[in-house]
Number of protein chains: 2
Amino acid sequence: MAAQRGQRNGVGPAAPNAAEVTAPIPRVAEVPAARERARAIPEAAVARLAVYLRVLSGLQEQGAGTVSSEELAVAAGVNSAKLRKDLSYIGSYGTRGVGYEVAVLIEEIERILGLTRKHSVAVVGIGNLGHALANYGGFPGRGFPVSALFDIDADLIGVPVGGIPVDHIDDITRVCAEREVSIGVIATPPPAAQGVCDRLVAAGVQCILNFAPVVLQVPDHVEVRKVDLAVELQVLSFHVARRADGPAPASASLNGRVDGMVVS
Amino acid sequence: MAAQRGQRNGVGPAAPNAAEVTAPIPRVAEVPAARERARAIPEAAVARLAVYLRVLSGLQEQGAGTVSSEELAVAAGVNSAKLRKDLSYIGSYGTRGVGYEVAVLIEEIERILGLTRKHSVAVVGIGNLGHALANYGGFPGRGFPVSALFDIDADLIGVPVGGIPVDHIDDITRVCAEREVSIGVIATPPPAAQGVCDRLVAAGVQCILNFAPVVLQVPDHVEVRKVDLAVELQVLSFHVARRADGPAPASASLNGRVDGMVVS
DNA sequence: GTGTGTGAATGCTTTCACAGCA
DNA sequence: TGCTGTGAAAGCATTCACACAC
């Protein structure tokens with residue numbers, strides 16, 4: 001009966017499935033809890049908040065104390081209206097006529113994104129890509145320590161990659177429990193992906209990042225995001241093709257529309 | 001003045017930016033050209049077409065001659081209405097009461113996605129990730145041969161990775177022209193990404209796949225898609241957090257909503 | 001009967017534009 | 001005066017539901 005949901009995000013449906021789960025649920029009994037608010041943030045906005053966070057960190061390192069929505073928007077590649085709307089989902093932390101305090105914004109976004117917790121990551125499939133991922137060591141932006149590696153190849157078991165010894169995939173349940181893994185990364189060949197996914201789910205992992213070019217079937221409570229190289233390249237290919245036979249030469253440079261914004 | 005657009009896709013705004021560029025442009029003078037149609041396909045649908053294509057290839061290998069929208073939809077992780085709508089963007093290739101011929105659909109999707117052409121890929125930044133990408137060799141699903149590698153590290157120049165010798169980044173214009181590179185992949189450290197991007201653009205590359213956690217500024221005619229690990233993980237983190245303090249335990253297993261579909 | 005193709009309806013997301021506050 | 005915060009409008013994407021073709 002395995003219920004199935006569209007896979008969110010990314011590289012695959014690089015663009016699609018924005019909403020799906022984040023629909024502002026009416027919540028019959030108004031729960032007072034402070035961050036029940038989190039419920040109302042559209043998925044599309046969540047992904048952008050992560051981008052704003054990175055830009056803000058950069059600004060902070062440069063010693064910036066405040067930013068305006070316009071500045072931040074330009075740096076993040078969105079328009080300022082969208083940025084303000086996104087920030088409004090997490091609260092009102094700006095000062096009219098002035099802008100936002102960088103430190104405050106960083107703190108609030110981190111809180112909303114749950115970055116105050118640590119999230120242990122397990123990488124399954126230590127091939128080309130798995131190796132590269134394991135070696136990122138600590139994973140982007142810290143807060144995501146890689147704490148377990150799995151493979152099925154006997155020659156790899158015990159070999160340390162990026163400082164972590166590889167475990168056999170049969171030990172996945174035990175090891176994930178011991179190391180409190182909350183995010184599983186699948187970097188196996190396609191045929192193995194669904195099986196690995198099932199094992200991760202059985203081991204209690206509820207968030208999965210899938211690099212295998214396969215549509216995973218998971219139960220409702222598991223969150224999957226995917227990174228799909230082939231899809232990315234094919235979408236780019238589509239644009240190449242569109243360009244080649246599509247636009248009348250004259251309008252070619254005009255039809256990008258003004259969807260970003262003009263940087264002064 | 002560098003105009004700037006929201007970056008499409010993915011792993012970053014894993015979900016967002018669905019529309020942006022694909023807006024069905026009214027096209028004043030009805031161009032008769034067969035595949036002017038391509039213009040009208042929403043970006044979100046394009047990404048899904050790539051997924052359908054992969055599923056169809058699998059079906060074909062298994063010897064399937066036809067599929068119904070329902071079967072294909074389940075395999076691709078979407079609902080059948082969406083699938084039919086997506087397919088309708090490329091034409092009417094189904095037979096009512098029967099389904100779609102697998103071979104026909106494959107051919108049509110490949111044509112729309114521009115997979116009848118070959119698209120040479122250049123990878124810039126041969127570190128951890130660049131290595132892994134170069135070694136994919138031929139890149140996912142073929143049709144995307146990696147034909148150039150670049151780095152700035154003198155020790156790497158001339159060393160073959162995945163069969164291709166690494167060139168110095170200063171030769172990017174010449175090499176890209178010689179090998180007719182149409183897609184550039186950026187796998188450099190963040191600080192180098194914008195510079196590399198500018199060079200690729202200067203070299204005439206109009207499609208870029210960006211793995212660096214940086215918002216690239218590009219001219220209007222260049223298409224960028226990004227794969228952003230940090231954003232992916234943070235979106236997952238958000239869901240972990242939402243789960244932890246959000247839902248009343250009782251409804252926990254219900255609030256996934258029926259957004260996928262029930263598989264029989 | 002069966003399953004496609006599609007207009008119409010719904011629901012998100014983005015954009016606009018301005019009230020309100022520092 | 002300047003910039004945030006946000007209702008309202010516009011634009012897309014998804015879903016529904018049914019006419020139509022086989």
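Chain letters run A, B, ... following the sequence lines, proteins first and then strands; every chain starts at 1.
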**Prompt:** Going by atom types alone, do B/Gln234 and A/His119 pair a side-chain donor with an acceptor below 3.5 Å?
**Reply:** no
**Atom-pair distance (CZ on A/Arg48; C1' on C/dC12), nearest Å** = 11 Å
**Prompt:** With a 4.0 Å cut-off, would you call A/Glu232 and B/Lys226 a salt bridge?
**Reply:** no
**Request:** Scan side-chain atoms only and decide if B/Thr116 and B/Arg111 contain a donor-acceptor pair under the 3.5 Å cut-off.
**Result:** no
**Message:** Side chains of B/Arg84 and B/Ser80, heavy atoms from C-beta outward: is any pair under 4.5 Å?
**Reply:** yes
**Prompt:** For the pair made of CD in B/Glu43 and C1' in C/dT13, what is the distance, rounded to whole Å?
**Reply:** 16 Å
**Prompt:** Separation of B/Asp86 atom CG from D/dA13 atom C1', in whole Å?
**Reply:** 10 Å
**Request:** Report yes if the side chains of B/Ile208 and B/Cys197 come closer than 4.5 Å at any heavy-atom pair, otherwise no.
**Result:** yes
**Prompt:** Is any side-chain nitrogen or oxygen of B/Asn79 closer than 4.0 Å to OP1 or OP2 of D/dT14?
**Reply:** no
**Message:** Counting only heavy atoms from other residues, nucleotides and ligands, does the tally under 6.0 Å from CD of B/Glu107 exceed 12?
**Reply:** no
**Complete:** Quick tally for nucleotides 5-10 of chain D: nucleotides whose base has a protein heavy atom under 4.0 Å get B, sugar-phosphate-only ones S, the rest -, giving BBBB--
**Prompt:** Could you state the NZ-P distance from B/Lys82 to C/dT10, rounded to the nearest angstrom?
**Reply:** 19 Å
**Request:** On DNA chain C, check which nucleotide each of A/Gly97 and B/Ser69 is closest to and give me the residue with the more 5' one.
**Result:** B/Ser69
**Asked** In whole angstrom, what separates B/Ile90's CD1 from C/dT4's P?
**Response** 14 Å
